[in-house]
Amino acid sequence: MSEPRTFGIDARAAQEEGAGGGRVVRELLRALAARSDQHRYRVYARTAWEEPLDERFTWVLNGAPDPAWHIRAADNASRTCAAFLSTNSYLTAWLTRIPCAPVVYDLVAFDAALRPQRRSGLIERVTLGPAVRRSPALVAISQATADALTARFAAARGKVVVAPMGVAPAFDGGPGSASLPDGVPAEGFVLAVGTLEPRKNLPRLVEAFRRLPGALQSAHPLVVTGRIGWEASETVASLDALGDRAVRTGFVPDAQLAALYRHCGVFAYPSLGEGFGLPVLEAMAAGAPVLTSDRSSLPEVGGDAVAYCDPEDVGSIASGLEALLTDAGRREALRAAGPERAAGFTWERTAEVVVDVLERIAEIGERQR
């Protein structure tokens, strides 16, 4: 076991983001706290996450806006930590005087066809390249992301470590006690989860749903869960046009999300591009039959335990939906295969990879001093 060290972590998202990076940081912190190593962690944020961690964790708070937050956090970490994990920005890797490992979720910002958020996408495009060159290691959340990163940045070769995401206990397929959100039928609905943004491809999913026979639409209404993101007007309009055949729940807490996965007839995730596809993994773990895209990281997550479609072909999505909704045997087979496949993805393993990276780059920094 490596000698005890102090590591810094950008943990802003734990309190500031409900889904996405917020879930990743919260589950990583939980998994790190469950480890028996003797490392200490300085967790940097504007507001501390309310869940208690053990005595090895110290919150270091500053309320400054970006980019001043990064300057202050990087300065403090450089004086008190052996290495830093940058979970929410590539800018911190520019500023630390200790080795820093940025987490790379995806390269959506570099693909105009996916219509990334304009401001954050521009910041990523400007900051990632210098961070790649300066960082001794980079943590990618899937092999697909690692491959995309090394294809775009030659300097990333030999530096990238893949740390797949895991499944939180809330989605482990147990019965649960949370009720479904208001307006959601008790069973059999088609479920879509994710921030309403262009790459989630919901307008095509809605059009595919419209192509189903009327009896299937009535028996299996479309339920969409997630906050409204950017360029969402087309998505919202298409859902509203379905009338009572569609329900929008907005963002829901994990317990209700798990209940939605458990009670849906099909979980549909025809995304145009993902860095990992955590909702697919969570739906599999909860026993939902999954229909997802045949590209980016999604086959890496789903393996043989999900059904696939071409996300750019409305007919392919519609055929995939109809095939699952009319074949109870196929749905049951996927309900059985999903949890078995999902069990291979754990946050404990994610934390193990992250700690290995931090130990290794800390040793590099010590040799260079």
Test your reading of the model: is there a side-chain donor-acceptor pair from [X] to the backbone of [Y], 3.5 Å cut-off?
| X | Y | answer |
| --- | --- | --- |
| Thr150 | Arg157 | no |
| Ser218 | Ala215 | no |
| Thr350 | Pro164 | yes |
| Arg349 | Thr346 | no |
| Lys159 | Ala101 | no |
| Arg26 | Gly18 | yes |
| Arg56 | Ala33 | yes |

Under a 3.5 Å threshold, yes or no: a donor from one side chain and an acceptor from the other, between Thr225 and Thr249? yes

How about [atom1] on [X], more than 12 heavy atoms from neighbouring residues, nucleotides or ligands closer than 6.0 Å, or not?
| X | atom1 | answer |
| --- | --- | --- |
| Glu340 | CD | no |
| Asp54 | CG | yes |
| Gln143 | CD | yes |

Salt bridge or not for [X] and [Y], using N-O below 4.0 Å?
| X | Y | result |
| --- | --- | --- |
| Arg46 | Glu16 | yes |
| Arg335 | Glu332 | yes |
| Asp66 | Arg12 | yes |
| Asp75 | Arg79 | yes |

Indicate the atoms forming the closest heavy-atom contact of [X] with [Y], along with that distance.
| X | Y | answer |
| --- | --- | --- |
| Ala192 | Leu205 | CB-CD2, 3.7 Å |
| Ala241 | Arg210 | CB-NH2, 3.1 Å |
| Ala148 | Leu107 | O-CD2, 3.6 Å |
| Trp69 | Ala64 | CB-O, 3.4 Å |
| Arg248 | Leu196 | CD-CD2, 4.4 Å |
| Pro311 | Ser293 | CB-OG, 3.4 Å |

Are [X] and [Y] connected in the hydrophobic side-chain network, where two residues link if heavy atoms are under 4.5 Å apart?
| X | Y | answer |
| --- | --- | --- |
| Val103 | Leu138 | no |
| Phe209 | Leu260 | no |
| Val354 | Val161 | yes |
| Leu324 | Val306 | no |
| Phe110 | Leu122 | no |

Considering only heavy atoms from C-beta outward, does the side chain of [X] approach that of [Y] to under 4.5 Å?
| X | Y | result |
| --- | --- | --- |
| Cys81 | Tyr41 | no |
| Phe57 | Leu32 | yes |
| Val353 | Val139 | no |
| Arg23 | Met165 | no |
| Gln15 | Glu50 | yes |
| Tyr105 | Val24 | yes |
| Tyr90 | Val104 | yes |

Parallel, tilted or perpendicular: which fits the ring planes of Tyr269 and Phe267, with parallel below 30° and perpendicular above 60°? parallel

- request: On the 0 to 90° scale, with breaks at 30° and 60°, tag the Phe345-Phe276 ring pair as parallel, tilted or perpendicular.
  value: perpendicular

With rounding to the nearest 0.5 Å, note down the distance linking [atom1] in [X] to [atom2] in [Y].
| X | Y | atom1 | atom2 | value |
| --- | --- | --- | --- | --- |
| Leu298 | Ser142 | CG | OG | 9.0 Å |
| Leu28 | Glu348 | CG | CD | 11.0 Å |
| Arg331 | Leu325 | CZ | CG | 6.5 Å |
| Arg211 | Ile317 | CZ | CD1 | 9.0 Å |
| Met284 | Thr292 | CE | OG1 | 10.0 Å |
| Ile361 | Cys100 | CD1 | SG | 6.5 Å |

Show your working on salt bridge (charged side-chain N to carboxylate O under 4.0 Å, His left out) between Glu363 and Arg360 and close with a plain yes or no. CA-CA 5 Å; Glu363 291 172 1; Arg360 178 166 57 82; over 6 Å; no

Exactly one candidate in Arg204, Arg199, Glu197 meets side chain to side chain donor-acceptor pair (under 3.5 Å) with Asn201; the answer is Arg204

